Amino acid sequence: MRRVRYESAGGPLFLEEVPVPEPGPGELLVRCAAVGLTLPMVRKVAEAAEPVPLGGEVAGEVVAAGPGVSRFRTGDRVTGLCFGHGYADFAVVHEAMASPVPDDAGFTTAIALVRSGLVACGVLEAARLAPGESVLVTAAASGVGHLAVQLARVRGAGRVVGAVSGAAKADFVRSLGVDDCVRYDDGWGEPVDCVLDAVGGELLTPALAALAPRGRLVAYSSGGGTIRAYDLLVGAKSVTGFQMALIARERPELYERWRRELWRLHAEGALRPAVHGEFALEEAEAAHRAITTRANLGKVALCP
């Protein structure tokens, strides 16, 4: 089978031929129809001292199941998180990290909706968003961000603001039904009750400043950043970190409830996942570039 890998920090990415892997205990072998790219993985390629397996969200058909698998069988349509080599024709996914894909849904829709949607659900939950409150989402055109602005509306937000880096992204985010869209380099408008921040770094300071008194910021970026304690004291603001892996490990019932909610909202037309582009495996370098240059509107997908 074909698999994408690289040999040194920063790439380049290239294809190699390797044997199809064998699923181990509790694992599924999935024939990949779509692979979702993430900013954390793209950053690992650029920054990690040693090459790492290119993992991520995969969706496709189960072609084999390892010992002890009970929830899925050969022929099932699934999506899930692959911690090994996922940029490939076939990938191994642990059963606990897999979920079914409805028969009437496409695989690219699945990788745009499920993992990013679960993160969006999680950050909104961490923000304790109450009906009628206002929320601002940074990276609002990203895979998670464009779902977060839609879910905030579904969950009763009184005012939803998207923050983006450029005009093309602003037009896209406005099409999702936000009340306002702001640019990072301009004023951010009226203070909000909650900020969902996927950017981090130097953007943390203006994100915190955008909060109203007693406002809450949820940080779920891999970009790092520093917050001064004094900036929290002024206005009695709070900051919470969020990581999806903890929910998957410790609250599987919540993970499953959110997954069902996402598919229901999608079926009802209340949630519209967007795919920026479908790249072939040999175009993985270009797919990564769409993310590093912040050009993507929605999810970036590889389609083996």
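Residue numbers count from 1 along this sequence. Note that the structure is predicted; figures quoted are calculated from it, not measured.
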Could you tell me whether [X] and [Y] have a side-chain N and a carboxylate O separated by less than 4.0 Å?
X: E261; Y: R257; result: no
X: D89; Y: R2; result: yes
X: E133; Y: R216; result: yes
X: D179; Y: R153; result: yes
X: K44; Y: E50; result: no

By side chain to side chain contact (heavy atoms under 4.5 Å, CB included), which residues pair with A152, not counting sequence neighbours?
L124, L129, V135, A157, V160
Do [X] side-chain atoms and [Y] backbone N/O form a donor-acceptor pair below 3.5 Å?
X: H146; Y: A274; result: yes
X: Y220; Y: G122; result: no
X: E95; Y: S70; result: yes
X: K237; Y: A212; result: no
X: K299; Y: L37; result: yes
X: E282; Y: L15; result: no
X: T109; Y: A105; result: no
X: E268; Y: L265; result: no
X: E57; Y: L81; result: no
X: D197; Y: A219; result: no

Could you go through the side-chain hydrogen bond (donor to acceptor under 3.5 Å, both in side chains) check for H288 and Y87 one step at a time?
CA-CA 12 Å; H288 271 219; Y87 292 26; 3.0 Å; yes
Non-hydrogen atoms of [X] and [Y] that approach each other most closely:
X: R174; Y: C181; result: NH2-O, 3.9 Å
X: A198; Y: T138; result: N-OG1, 2.9 Å
X: A207; Y: W188; result: CA-CZ3, 3.5 Å
X: V164; Y: A141; result: CG1-N, 4.2 Å
X: A112; Y: P273; result: CB-CB, 3.9 Å
X: A163; Y: L136; result: CB-CD2, 4.0 Å

Check whether any side-chain heavy atom of [X] lies under 4.5 Å from a side-chain heavy atom of [Y], and answer yes or no.
X: L262; Y: L151; result: yes
X: V58; Y: V93; result: yes
X: L39; Y: S142; result: no
X: E7; Y: F14; result: yes
X: R155; Y: E125; result: yes
X: V30; Y: F90; result: no
X: V239; Y: L232; result: yes
X: S134; Y: E190; result: no

Derivation of the side-chain contact (heavy atoms from CB on, under 4.5 Å) call for L29 and V20
CA-CA 9 Å; L29 179 63; V20 175; 3.8 Å; yes
Start with the C-alpha gap between E16 and V4, add the side-chain angles, then the distance that decides, and say whether side-chain contact (heavy atoms from CB on, under 4.5 Å) holds.
CA-CA 6 Å; E16 64 177 355; V4 179; over 6 Å; no
Please step through salt bridge (charged side-chain N to carboxylate O under 4.0 Å, His left out) for the pair R260 and E256, ending with a clear verdict.
CA-CA 6 Å; R260 290 195 302 268; E256 180 61 18; 3.6 Å; yes
Please step through side-chain contact (heavy atoms from CB on, under 4.5 Å) for the pair F83 and H94, ending with a clear verdict.
CA-CA 9 Å; F83 294 106; H94 197 280; over 6 Å; no
Cluster link V144 to L254, ILVMFWY, side chain under 4.5 Å:
yes
Is there a path of hydrophobic side-chain contacts, each under 4.5 Å between heavy atoms of I/L/V/M/F/W/Y residues, joining L271 to V178?
yes
With side-chain contact (heavy atoms from CB on, under 4.5 Å) as the test, would you mind laying out the steps for V35 and L54 before giving the verdict?
CA-CA 10 Å; V35 180; L54 296 170; over 6 Å; no
Please tell me whether F172 and H276 form a close aromatic pair, meaning their ring centres lie under 6.0 Å apart.
no
Please identify each residue that fulfils side-chain hydrogen bond (donor to acceptor under 3.5 Å, both in side chains) with R115, with sequence neighbours left out.
none
Against V101, only a single residue in D76, T79, I111 fulfils side chain to side chain contact (heavy atoms under 4.5 Å, CB included); can you say which?
T79
Audit row: E61, R77, salt bridge (charged side-chain N to carboxylate O under 4.0 Å, His left out) steps and yes/no:
CA-CA 5 Å; E61 181 181 311; R77 292 158 49 87; over 6 Å; no
Should the heavy atoms of other residues, nucleotides or ligands under 6.0 Å from CD of E253 be counted, would the total exceed 12?
yes
Would you say R73 has more than 12 foreign heavy atoms packed within less than 6.0 Å of its CZ?
no
